[in-house]
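Take a look at this one; I'll ask things after.
Counting starts at 1 for both ligands and their atoms, following the listed order.
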Amino acid sequence: MNGKITKFWSDVVEVEFNKNELPPLNTILTLHNNTTYLLVKRLIDYKTIRAIIIYLSKDISVGEEVINTGKSFMVPVGSESQNNIYNFEGKPLLKDRITNPKYVEMNSTINKTRILDSKIEIIETGIKAIDFFMPIIKGYKLGIFGGAGVGKTVLMKEIIFNVNKNSRSTSNIFIGSGERSREAIELFQELEESDLMKNSSMYISKMNESPGARMSIVPIGITAAEYLRDKEKKDVLLFIDNIYRYVQAENEVSASLGKKPSVGGYQSTLESDVANVQERLFKNKEAGITSFQTVFLPMDDISDPSAVAVFNHLDGNLVLSRAQTAKNIFPAFDPLASSSNSVDPKIIGKRHFDAIIEAKRILKTYKDLEDVILILGFDELDEESKKTVKKALQLENFFSQNFFMTEHFTKEKGSYVKLNDTVESVIRILNEEYINQSPEIFSYIGSNLNLPTDDELGLK
Ligand SMILES: Nc1ncnc2c1ncn2[C@@H]1O[C@H](COP(=O)(O)OP(=O)(O)OP(=O)(O)O)[C@@H](O)[C@H]1O
Ligand SMILES: [Mg+2]
């Protein structure tokens, strides 16, 4: 059953086995007393495979014996796995904590019989821009797109804590794919302080780990999410930071295996790599996986092939833009670039739906007028356009919001705004109830239901 190394280069190892004893794809091979891990990625002929290095505890050499474990990654799953952080090996990183999880093989939980449930349950986030423009529904997949440092991780963390405030019974799974280890530690500490670790588990592969580990951590975490949904019938909130790193790691592995790249230098299997993970995230009759995924945009480019591949699978695409951060608007939400399939009167009601359409129309008109204002000046606009611009600025400021997650450095208290209050606040702005007041009064205010209207102030 065991094999011998015949060749290796970059992070690929060629191993020969006895005739017809080849391990199948995605099997883990080990060396050095179970401390070095390889993953089978290509079958070359009846006795040769190519594996990629997941972790090397020391150098390897030709002729060394390799052990076929006969299994893929083993994933700690179920309620018993909660309250801990795991690496790709499934080893708990908090060793002093007694967690006694059950282990299942990676991807053994894939559920092809997707029994869709049409019951709609809205999940309030308390974040105005999300609740208003892209209401989250149970089973929904939200992508948070943005270039470097525009606030993706901060926004995702705010969602984790706010949603958990509403429902203490959900299970959280966090997948850290190829990001900084400091961020994972901070998140852990914050979850711990808020007493949320007891229903959370974290699966982490950091940016300095091998592409094989970074690529595998996503299906590892999804296996755990599926187990909770299908075996324990529990609702799961799944957070992935960052799904782009998964695509990138798949690409690196594909390149080291000598596969030809396709559009934009990405792997030719880009679409299926993305589909393989996204199609596993849904809700069925008993329980659901609702997911929030950050998507890094190389060069801030929303048309990057990796972003487009992810885009197609999501229910909501939330775009954070650098232009907003430049105006000091956080979250740096770009309402015109973002879209959501929950914007449907049958889901959110006609009043909310009409408000979204009108708000978008106003923001779009303002955007079209921006150049004119720059050249001719605001005063040259006709009265109607002036009103539109003013409402647009009021809306833009209204969607800025102080986060609980940033209290420690902004020194401002975080705010949670109820979905209905957000909708009513926007409707008041659209109805021109504050049209004679400065847009600045809306900056970082929470809801404006307590703000005196023009009428109340006697402004004409
Ligand atoms: N809501 C916010 N309020 C105030 N400042 C913010 C907010 N969101 C982000 N920032 C600022 O932007 C910085 C970067 O945010 P964050 O780490 O979330 O970006 P990112 O998009 O995840 O970056 P990367 O691409 O490097 O992962 C923060 O450290 C903070 O200074
Ligand atoms: Mg980040």
Axial cation check for Phe282 ring with Arg229, 6.0 Å and 45° limits: yes
Region of Met156 engaging ligand 1 - heavy atom pairs below 4.0 Å: neither
Part of Glu179 within contact of ligand 1 (heavy atoms, under 4.0 Å): side chain
Nitrogen or oxygen of Val150 less than 3.5 angstrom from that of ligand 1: yes
Stepwise ring pair (Phe, Tyr, Trp, His ring centres under 6.0 Å) check, Phe239 with Phe174: CA-CA 5 Å; Phe239 301 92; Phe174 177 82; 7.3 Å; no
Mode of Thr406 contact toward ligand 1 - side chain, backbone, both, neither (heavy atoms, under 4.0 Å):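 The answer is the side chain.
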Atom 22 (O) of ligand 1 - nearest protein heavy atom and its distance: Thr153 OG1, 2.8 Å
Salt bridge Lys152-Asp241, side-chain N to carboxylate O under 4.0 Å: no
Min heavy-atom dist Gln401 to ligand 1 below 4.0 Å: no
Protein heavy atom at shortest distance from atom 7 (C) of ligand 1: Phe330 CD2, 3.4 Å
Enumerated ligand 1 atoms positioned under 4.0 Å from heavy atoms of Ala148: 25 (O)
Parallel, tilted or perpendicular: rings of Phe88 and Phe73 (30°, 60°):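 If you compare the ring of Phe73 with that of Phe88, the planes turn out perpendicular.
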Close aromatic pair by centroid cut-off 6.0 Å: Phe145 and Phe296: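 Centroid separation for Phe145 and Phe296: 6.0 Å or greater.
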Closest protein heavy atom to atom 1 (N) of ligand 1, given as residue, atom name and distance to 0.1 Å: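 Closest protein heavy atom to atom 1 (N) of ligand 1: Phe403 CD1, 3.4 Å.
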Ring-ring centroid check Tyr86 Tyr203, cutoff 6.0 Å: yes
Nearest-neighbour protein heavy atom for atom 25 (O) of ligand 1, which is reported as residue plus atom name and distance: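 Residue, atom and distance for the closest contact: Lys152 NZ, 2.8 Å.
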Proximal ligand 1 atoms for Arg180, defined as those under 4.0 Å from one of its heavy atoms: 24 (P), 26 (O), 27 (O)
Closer than 4.0 Å: a protein non-hydrogen atom to atom 29 (O) of ligand 1: no
Asn341 side chain to Tyr140 side chain, donor-acceptor N/O pair below 3.5 angstrom: no
Carboxylate-amine/guanidinium proximity below 4.0 Å for Glu432 and Lys387: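 The answer is yes: the pair qualifies as a salt bridge.
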Thr153 near the Mg ion (ligand 2): N/O/S under 2.8 Å: yes
Any side-chain donor near an acceptor of the partner, Gln82 and Ser171, under 3.5 Å: yes
Gln293 side chain to Gln278 side chain, donor-acceptor N/O pair below 3.5 angstrom: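 Looking only at side-chain atoms, Gln278 and Gln293 do form a donor-acceptor pair, the distance falling under 3.5 Å.
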Nearest-contact summary for atom 14 (C) of ligand 1 - protein heavy atom, Å: Gly149 O, 3.7 Å
Atom 19 (O) of ligand 1: nearest protein contact (heavy atom, Å): Gly151 N, 3.1 Å
salt_bridge(Arg245, Glu179) N-O dist < 4.0 Å: yes
Heavy atom of Gly146, distance to ligand 1 below 4.0 Å: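 So Gly146 does not count as touching ligand 1.
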Nearest non-hydrogen protein atom, atom 18 (O) of ligand 1: Val154 N, 2.8 Å
Per-atom contacts, ligand 1 versus Phe409 - under 4.0 Å to a heavy atom: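 Near Phe409, the atoms of ligand 1 are 5 (N), 30 (C), 31 (O).
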